[in-house]
Amino acid sequence: MRKKIVAGNWKMNLDYANGISLFSEIVNMVRDEKKGDQIAIICSPYIHLNSLAKLGGDVVKIGAQNCHQNDSGAFTGEISAGMIKSVGCEYVIIGHSERRQYFAESNELLAAKTVKVLENGLSPIFCIGETLEERENGTYFDVLKTQLEQGVFGLSAADFAKVVIAYEPVWAIGTGLTASSEQAQEVHAFIRKEIAAKYNSEVAEDTTILYGGSCNPKNAAELFAQADIDGGLIGGASLKSRDFVDIVKAFNS
């Protein structure tokens, strides 16, 4: 049985005090309002992680937005998966389109990061997605297949079972554009088919695949009602407690 997940990605937003305040609101609202077995996650900047993990308890899980591919060493400014684990996190976003675009992270590098996340007992939220150009020229299925093959398909079936996939059409992140529910479902079904071809149908059916392209309270219920969409990776809407919790509750709509 695959998990239903709504994961908020705060990106590089909120100072310490404002982050704690927002998270406290989210925890209280999720505790009071959530019905069902969906999992709420907040992936915050590093400065918040330790405090959020203490505040979240079993109500809201905590994740980091990135990690380094080595355990330790002379990598000034970087954070290891072990460090992230030590403060109470359970998830790490790997390969967000902004990391791929602005920091030139390759599929091979992301594969190494994914292995390190798994070695430390954390669950990777592994992001894949196509640009507007790739969408328009019809190569997006090839792009997504390559990202899967080079990023996570080197894992054993047992390790892959711990991975959450997030499909984020790059053209729909922060642009106000959103893939239609039919477009999103088409890609999610393709991803699940590729997982089945690599591993088997049981692994594919158990894999959680999130939609990560401008999901909001107005479109979440329609997206989550699709057969192969198991939740969302939420950007801007996760910075507003009411919006984020309404997305968490969209599974019950």
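Since the model is a prediction, treat every value here as computed from it, not as a measurement.
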In Å and rounded to the nearest 0.5 Å, what is the [atom1] to [atom2] distance from [X] to [Y]?
{"X": "Ile191", "Y": "Lys145", "atom1": "CD1", "atom2": "NZ", "result": "13.5 Å"}
{"X": "Gln226", "Y": "Glu186", "atom1": "CD", "atom2": "CD", "result": "11.5 Å"}
{"X": "Ile128", "Y": "Ile209", "atom1": "CD1", "atom2": "CD1", "result": "8.0 Å"}
{"X": "Cys67", "Y": "Ile79", "atom1": "SG", "atom2": "CD1", "result": "10.0 Å"}
{"X": "Leu55", "Y": "Ile26", "atom1": "CG", "atom2": "CD1", "result": "11.5 Å"}
{"X": "Leu22", "Y": "Asn13", "atom1": "CG", "atom2": "CG", "result": "10.5 Å"}

[X] side chain vs [Y] backbone, donor-acceptor pair below 3.5 Å:
{"X": "Tyr91", "Y": "Ala7", "answer": "no"}
{"X": "Glu194", "Y": "Leu148", "answer": "no"}
{"X": "Asp206", "Y": "Met1", "answer": "yes"}
{"X": "Trp10", "Y": "Ser238", "answer": "yes"}
{"X": "Gln38", "Y": "Val248", "answer": "yes"}

Just by distance, no angles: are the side chains of [X] and [Y] close enough, under 3.5 Å, to form a donor-acceptor pair?
{"X": "Asn107", "Y": "Glu149", "result": "no"}
{"X": "Gln65", "Y": "His96", "result": "no"}
{"X": "Ser51", "Y": "Tyr16", "result": "yes"}

Salt-bridge present (Arg192, Asp230; N to O < 4.0 Å):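 Counted as a salt bridge, because a side-chain N and a carboxylate O are separated by less than 4.0 Å.
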Worked verdict on Leu52 versus Cys89 for side-chain contact (heavy atoms from CB on, under 4.5 Å): CA-CA 9 Å; Leu52 299 195; Cys89 287; over 6 Å; no
Phe224 and Cys215: side-chain contact (heavy atoms from CB on, under 4.5 Å), yes or no, with the steps? CA-CA 10 Å; Phe224 296 172; Cys215 183; 4.1 Å; yes
Out of Lys162, Lys85, Lys3, Lys61, which one pairs with Glu90 under the salt bridge (charged side-chain N to carboxylate O under 4.0 Å, His left out) rule?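 By the salt bridge (charged side-chain N to carboxylate O under 4.0 Å, His left out) criterion, Glu90 pairs with just one of Lys162, Lys85, Lys3, Lys61: Lys61.
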Any chance you could lay out the side-chain contact (heavy atoms from CB on, under 4.5 Å) test for Asn66 and Glu98, step after step, and finish with the verdict? CA-CA 11 Å; Asn66 182 40; Glu98 291 157 3; over 6 Å; no
State, with a plain yes or no, whether a side-chain heavy atom of Ile234 is found less than 4.5 Å away from one of Asn216.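 No, side chains not in contact.
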Is it the case that more than 12 heavy atoms not belonging to Glu133 sit under 6.0 Å from its CD atom?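 Open: at most 12 neighbouring heavy atoms sit under 6.0 Å from CD of Glu133.
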Looking only at non-hydrogen atoms, find the nearest pair between Ile93 and Cys127 and report the distance.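 Ile93 and Cys127 have their closest heavy atoms at CG2-SG, 3.8 Å.
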Considering all heavy atoms, the nearest Asn137-Thr139 contact: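 What the structure gives for the nearest pair is OD1-OG1, 2.6 Å.
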Test side-chain contact (heavy atoms from CB on, under 4.5 Å) on Ile62 and Phe23; report intermediate values, then the result. CA-CA 10 Å; Ile62 308 303; Phe23 186 75; 3.5 Å; yes
Going by the angle between their ring planes, with limits at 30° and 60°, are His188 and Tyr167 parallel, tilted or perpendicular?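 Rings of His188 and Tyr167: perpendicular, over 60°.
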Trp171 and side-chain hydrogen bond (donor to acceptor under 3.5 Å, both in side chains): which single residue from Glu134, Glu136, Glu130 fits?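 When side-chain hydrogen bond (donor to acceptor under 3.5 Å, both in side chains) is applied between Trp171 and each of Glu134, Glu136, Glu130, only Glu130 qualifies.
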